[in-house]
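Structure, as C-alpha cells:
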Amino acid sequence: MTDRAEMFERLKGLIEPFNKKGVEVTETTTFAGDLEWDSLTVMDFVAEVEDSFDIVISMNLQAEIENVGHLVDAVMKLTD
C-alpha cells in the first residue's frame, strides 16, 4: 500500500515529461488551466498512468479529475 505522499511523487514524476511549461506541480495544479494540456496530451498522460499502475481510468472518472490531488485520490482508490 502506497501512502498519499508517495503516490503524489510517483504521479509528479509521470507528469514531468508532459510539463512543457515547467509549471511547479502541486496537489492543486490543474491539467487544463495550469499545465495547459490539450485533450491529446491528457489522453497520452492517462495512458501513461494506466500503464504504470496497471489500472483503467474510466471516462466518467477522467471527467471528475481536475487537478493533481484528484488524480492522486483516483489512482489510490483504483490500486487499493
Side-chain angles (χ1 to χ4, degrees):
M1 172 80 186
T2 306
D3 73 13
R4 201 166 185 338
E6 284 178 58
M7 183 62 76
F8 172 74
E9 289 302 319
R10 283 186 67 187
L11 289 167
K12 188 174 165 183
L14 293 178
I15 289 168
E16 282 311 307
F18 296 91
N19 187 359
K20 303 295 185 216
K21 301 222 178 268
V23 172
E24 183 181 346
V25 177
T26 67
E27 292 252 349
T28 58
T29 302
T30 61
F31 299 106
D34 298 325
L35 294 170
E36 297 180 21
W37 289 359
D38 59 20
S39 56
L40 183 60
T41 303
V42 169
M43 285 174 49
D44 288 345
F45 176 69
V46 167
E48 185 69 34
V49 171
E50 289 177 331
D51 289 349
S52 295
F53 292 95
D54 196 24
I55 57 174
V56 175
I57 302 173
S58 70
M59 293 303 278
N60 288 345
L61 184 55
Q62 284 180 43
E64 295 172 14
I65 297 171
E66 295 173 7
N67 63 36
V68 176
H70 292 161
L71 179 64
V72 170
D73 292 337
V75 174
M76 287 191 72
K77 190 184 293 183
L78 290 168
T79 57
D80 200 4

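None of the values given here were measured: they were computed from a predicted structure.
Here the CD-CG distance, from Glu9 to Asp3, works out to 10.0 Å after rounding to the nearest 0.5 Å. The NZ atom of Lys77 sits 12.0 Å away from atom CD1 of Ile55, with the distance rounded to the nearest 0.5 Å. For the atom pair CG (Leu14) and CZ (Phe45), the distance works out to 5.5 Å, reported to the nearest 0.5 Å.
In the hydrophobic cluster analysis, where Ile, Leu, Val, Met, Phe, Trp and Tyr join through side-chain heavy atoms closer than 4.5 angstrom, Val23 is grouped together with Ile15.
Legend: residues meeting side-chain hydrogen bond (donor to acceptor under 3.5 Å, both in side chains) with Arg10, ordered by chain and number and at least two apart, are absent. Looking at residues two or more places apart in sequence or on another chain, you find no side-chain hydrogen bond (donor to acceptor under 3.5 Å, both in side chains) involving Thr79. Under the side chain to side chain contact (heavy atoms under 4.5 Å, CB included) criterion, Val42 pairs with Trp37, Val46, not counting sequence neighbours. Legend: residues meeting salt bridge (Lys or Arg N to Asp or Glu O under 4.0 Å) with Glu36, ordered by chain and number and at least two apart, are Lys21. With sequence neighbours left out, the side-chain hydrogen bond (donor to acceptor under 3.5 Å, both in side chains) criterion links Asp38 to Thr41. Taking the side chain to side chain contact (heavy atoms under 4.5 Å, CB included) definition, one finds that Asp44 meets it with Phe18, Leu40, sequence neighbours left out. When the side chain to side chain contact (heavy atoms under 4.5 Å, CB included) test is applied to Glu16, the partners found at least two apart in sequence or on another chain are Lys12, Asn19, Val25. With sequence neighbours excluded, no residue satisfies side-chain hydrogen bond (donor to acceptor under 3.5 Å, both in side chains) with Glu50. For Lys20, there are no salt bridge (Lys or Arg N to Asp or Glu O under 4.0 Å) partners at least two apart in sequence or on another chain.
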Would you tabulate the side-chain donor-acceptor contacts of residues 60-68 under 3.5 Å, counting partners in other chains and residues two or more places apart, or write 'none'?
{"residue": "Gln62", "atom": "NE2", "partner": "Ile57", "partner atom": "O", "Å": "3.1"}
{"residue": "Asn67", "atom": "OD1", "partner": "Gly69", "partner atom": "N", "Å": "3.0"}
{"residue": "Asn67", "atom": "OD1", "partner": "His70", "partner atom": "N", "Å": "2.8"}

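Screening residues 25-35 for side-chain hydrogen bond (donor to acceptor under 3.5 Å, both in side chains) gives Arg4-Glu27, Thr26-Thr28, Thr26-Thr29, Thr30-Asp34 as the qualifying pairs, with residues at least two apart or on separate chains.
Summarising the geometry of Gly13 relative to Pro17, their closest heavy-atom pair is O-CD, 3.4 Å, with the distance given to 0.1 Å.
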